[in-house]
Amino acid sequence: MKKKNCFYVKIVLALAVAIALASCSNFIDDLNRPEGFVKISGTSYDGLTSVTPVSGVFSLGHPVTIRNLYVCPHEVTQKEYETYCTYNGISTGSGGQRIYLRPNGTYGDGDNHPTYYVSWYDAIVYCNKRSIAEGRTPCYCLEGKTDPDGWRNIPTTSDPSNLSAIWDTVECDFNANGYRLPTEAEWEYLARGGSWNSYKYSGGEDGDLDNIAWNRSNSNVLNSNDYQSHEVMTKVPNSLGLYDMSGNVREWCWDWYETQHEHRMVRGGSFNENLGDGVYEVSNRSLYFYPPFRASTIGFRVVCTAE
């Protein structure tokens, strides 16, 4: 009888330990997860099965591993960006004057509007500055430094190529817990809602783009031909609770386009795309730009490695 009781006691103790460990794990997760971010469990694509819609990232013969991630449910807002960074874009007006690019009323201006007129370089500066401010380990390292205050001037489209060449040597520590751009594979997996077989748009049925994304058919102002971004998280999210992955602004990703090492990938559609181009679809990868490029239709979102 005593042996039987001892057996039951061991079971109870084992259950208590398991519950305590699970509670501890959840507590640690809560401490590490940035406020408002969504926890996404990692997965692997074996490269042996086809996905729907057909993908250039998750393709036969190319296995891919997706890490555990904390994901911002929305694109970085103007308020968030301006907390850590200033806008560096410059263009030339018709009279030859220098015009400093920053969000404005023409393309959507406000704390909760997505930030834009930001280059790929601007985005990685933001990531490290925010990481440092919040006590996280920065992911990006340039010339041996992780503090952007010690980096060289941010390249613009008119900078000599040697400055961009230096910036293009930036490295990413994917094991660090700081903020970073998603890889292209991570971005597409998130846009698909964590499924290998998804709708072609991120968050709704194939014909339901207006319900989930700000696009050229619904983003015009007062029925004029002025198209602009809108506040984040005002459309329907996808199954992972992520907003605006098919529209509002395009989003920079970490990856180079193919092996050229000239252009960085941009994914998703924006408020001002031609509807017939397919850019709103989760598998579309037709957009890529030089890293110093800035536009009214390009912003970014951030993730953190959760491992």
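FYI, side chains are in, hydrogens and waters are out, and symmetry mates aren't considered; it's all heavy atoms of this structure. Numbers here simply count residues along the sequence, with the first being 1.
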request  = Specify whether Trp167 and Trp151 have parallel, tilted or perpendicular ring planes, treating 30° as the upper limit for parallel and 60° as the lower limit for perpendicular.
outcome  = perpendicular

remark   = Residues passing the side-chain contact (heavy atoms from CB on, under 4.5 Å) test with Phe293, sequence neighbours excluded, are Phe289, Ala295, Ile298

query = Taking only residues two or more places apart in sequence, or in another chain, which ones meet Trp214 in a ring-ring contact (aromatic ring centres under 6.0 Å, His included)?
reply = His230

query = What's in the same ILVMFWY side-chain cluster as Met265, cut-off under 4.5 Å, chained through other members?
reply = Tyr257, Tyr288

task = With sequence neighbours excluded, tell me which residues meet side-chain contact (heavy atoms from CB on, under 4.5 Å) with Lys79.
result = Thr77, Asp111

note = Hits for side-chain contact (heavy atoms from CB on, under 4.5 Å) against Ser296, two or more places apart or cross-chain, chain-then-number order -> Tyr107, Tyr116, Tyr117, Phe271

request  = Quick one: name the residues clustered hydrophobically with Ile132, using the 4.5 Å side-chain heavy-atom rule over I, L, V, M, F, W, Y, and just say none if it's on its own.
outcome  = none

request  = Report the hydrophobic cluster partners of Tyr100, with the cluster defined as I, L, V, M, F, W, Y residues connected by side-chain heavy atoms closer than 4.5 angstrom, directly or transitively.
outcome  = Ile90

request  = Please identify each residue that fulfils side-chain contact (heavy atoms from CB on, under 4.5 Å) with Pro63, with sequence neighbours left out.
outcome  = none

ask   = Which distance, rounded to the nearest 0.5 Å, do you find between the CG of Asp122 and the SG of Cys85?
value = 7.5 Å

query = Arg216: what forms a salt bridge (Lys or Arg N to Asp or Glu O under 4.0 Å) with it, not counting sequence neighbours?
reply = none

key: Any residue meeting ring-ring contact (aromatic ring centres under 6.0 Å, His included) with Phe58, in chain and number order, not counting sequence neighbours   = Tyr45, Trp196

inquiry  = Going by the rule salt bridge (Lys or Arg N to Asp or Glu O under 4.0 Å), which residues pair with Arg264 if we only count those two or more places apart in sequence or in a different chain?
reply    = none

task = Would you mind listing the cluster partners of Tyr243? Hydrophobic ones only (ILVMFWY), side-chain contacts under 4.5 Å, chaining allowed.
result = Val232, Met233

